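Heavy atoms only: backbone and side chains are in, while hydrogens, waters and symmetry mates are out. This structure is a prediction, so every number in the text was calculated from the model and none was measured. Quick note on labels: first sequence line is chain A, next is B, and so on, each numbered from 1.
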Amino acid sequence: MRLVVRTIKSKLNIWAILSLIFIAIILIPNGLIAVNVFTESNENWQHIKEYLLKEYITNTVILLSFTALFSMMIGVSLAWFVTMFEFPFKRFFKWALILPLAIPPYIGAYAYHGLINYTGIIQSTLRNNFDVTVNQDYFSIMNNQGAIFIFSIFLFPYVYTITKAFLQNQSSSIIENARLLGSSSFETFFRVILPISRAAIVGSVTLVVLEVLNDYGVANYFGIQTFSTAIFRTWYGMKDLDSALKLAGALMFLVIFILLLEKFSRGRRRYSFSTTKVKPIQPKKLRGVKAWLLAGYCFLIFGVAFLIPFTQLLYWAFLTFESVYSSEFIQLIYQSVFIASIASILIVIIALIIGNYTRLHKSLLTSFISRVTTLGYSIPGAAIAISIITIFVALDGYLADLYQTLQMEPVIILRTSLVMLVSAYIIRFLAIGYNAIDAGYEKMGNTYTEASRTLGFSTVKTFFKVDLPMMKPAIFGGFILVFIDVLKELPLTLFLQPFNFATLATQAYKYANDERVHEAALASILIIIVSGIFIFVSHKLLEKEPA
Amino acid sequence: MFVQIKNLQYQYKNAAEPVLKDFSLTIEQGEIITILGESGSGKSTILRLLSGLETPKSGSITINNDVIFGGNHVMPPEKRGVGMVFQDYALFPHMTVEKNIKYGLKKMSRREKQQRMEEMLELINMTSYKNRYPYELSGGQQQRVALARALAPAPSLLIFDEPFSNLDANLQIKIRDELRGILKKTGITSIFVTHDQADAKAIADRVVFIEKGVIKQVGKPEEVLGCASLVMWANS
């Protein structure tokens, strides 16, 4: 008994209490979805289940599997070439091949649609200069194949960067041995490289798959029925929150299935890199045709996944600059930066608190807490949006009662305020901030904190005097990462933003959906440039740091 | 008795066996104790329990008649008045030598703080270094600053975790003697943890030899070391 009292007393501090509150905030929406799966269903749901659910599942699964396959093929092949061979312009491609990540798939989707539709540059050139009119069926990308193309070219950098980082940390002896045993480069790839990097590949492909599940923009623009579009249509079109929640529940099962699949197929391997200081892989110098073939392949991917859509958008942006650039547009930039800053600051603060608690008290509870913290990122935006709105409608109900009993004017209606949107951002992006902050704590270690405590300071004072100043780089890094992601975010913002509020992302999307693709370019270009600069800088920083 | 440690038990989570079993020790005021043992013997754990960075399963610790651990009572590290010099010194990298030494000085006026800081710098013979940052100092200098920082708030007990392990061999001998001089001058009670018998011999009034969490022998360095070296040699 004494032991129990003592344990509780020693565990219950400000860090624990705050961390548990934040965790509850993340868990409640998910719990809501889970509970709703088991509630009684209405007619709509019967209809959806009987006639529509099959299509949603088929489309989603087709998109997921083919995108996974293609992004894996592109990502792994590029990672292999860049690590193992020396060829022209390799230093440039090494980071340039990450750049497609700066283009959110929905922006890429309308850029490509604008490029190849009837009035686009390809068809009009063919028509005007060569007098060729093509069959429109071959020149439409607004279908499943088109969406798979878009997802694959803009999401493969996840696979490329993670697999590349893994391979670069492997010992050269593995590959040299294979070569000495008489395997060709090609054989080495299938018999050595692929098996050893399985965990990294599976992990990164899972990220791609989760991104596809999160997508709303591409699917809706192309008119493809997926879970995300179905959730929003059931809710907005049919005004049926209950069925939308049920769809979100089904989507969550899919997510859980994917995460379990990852765990299984990854096997007992972790994706930690071998840390021993071994001789890194020495790239083989290629000459002649082979070298230029590789350079050509890299250039092809870079062109399709970045250069072409980027140039097209830049051109449109110049074309429409006068009409789009106005005081409203500046307001748009201001609102985007404002909301992204607020969300990033809050996320960093929450991550600092949870991170500090989990590192100072290692236990089952804290490892559970850090797992939950990273959970939000696997939940598609549509599911978060629907559960958040359900909760805020309920909260507003309580508040309304409260205002009535106190006989006062409503001070705030949460549903129409930014509070709702910011909460959704926190749930979805906390994982990103937390990973950065946690890595910072890990790097700093616990001794400085312990030293401060033996010098007479409590954990709270130590946090402000020692931990915080030392964590500056991690805090900055985490802030930027979250900021970029919020800036690009579409589904949550689209459905949870209050009236008279828009961001660059939602405005670009609205223009594109109104068939005003050219006008969407300026906002898109801004998003791409900001993300691109960040990708470039962080790549340079990573290069400098010894592995 | 100035420090009284009674029947301490400690077990790390997920460990099959306790690292400390029934550890008891008493220390006189002003005494310098060395706890000698191999890695994994539980010697560093004793320091962490004394400073309050870990909580024992059972037992009690009293310093200068204050119960800092016992029964339901767990005093947090910041209230114990136990100073610690860490193996890697843990000097705050974002503060100068001056700021580092002043860090633990709390209930003092600015003038008193300044005075105490200068006193400490004189004691460690580093008056001209007060505006340097830790990374601008050599390993030996960093260690002296760490000592000054721990000494500044006048703790009732000062503990050292493997203080010489990060120093070159020839520097080690010089610092060791210097350190003993400083400690004896201030008259502070201190505990060293080391795996090096030469360190133990050079610095301690009394050596505690422990193996697998149990005290094997306690006594004057020359009495204990013969036995310890035999055991450590046999295990190596």
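Residue contact with chain A, scored on non-hydrogen atoms closer than 4.5 Å, is absent for B:Ala146. Both the backbone and the side chain of B:Tyr103 come within contact range of chain A, each with at least one heavy atom under 4.5 Å from a heavy atom of that chain. Contacts of B:Leu91 with chain A are made by backbone atoms alone, with heavy-atom separations under 4.5 Å and no side-chain atom involved. With a 4.5 angstrom heavy-atom cutoff, A:Lys472 does not touch chain B via any of its atoms. Contacts between A:Thr449 and chain B at a heavy-atom distance below 4.5 Å are absent for every atom of the residue.
The neighbour count for A:Phe338 CZ, taken as heavy atoms of other residues, nucleotides or ligands under 6.0 Å away, does not exceed 12. For NZ of B:Lys113, the number of neighbouring non-hydrogen atoms (other residues, nucleotides, ligands) closer than 6.0 Å is greater than 12. Around NZ of B:Lys99, the count of heavy atoms belonging to other residues, nucleotides or ligands within 6.0 Å does not exceed 12.
Most heavy-atom pairs under 4.5 Å with chain A, from the set B:Pro153, B:Pro93, B:Pro76, B:Gly104: that is B:Pro93. Interface remark: of the candidates B:Arg80, B:Lys79, B:Arg48, B:Met95, B:Arg48 forms the most heavy-atom pairs closer than 4.5 Å to chain A.
Once rounded to the nearest 0.5 Å, the distance linking CD of B:Glu78 with NZ of A:Lys461 reads 9.0 Å. One distance of note links CZ of B:Phe92 with OG1 of A:Thr462; it measures 7.5 Å at 0.5 Å rounding. One distance of note links CD1 of B:Ile159 with OG1 of A:Thr454; it measures 7.5 Å at 0.5 Å rounding.
With a 4.5 Å cut-off on side-chain heavy atoms, B:Ser51 and A:Arg453 do not count as touching.
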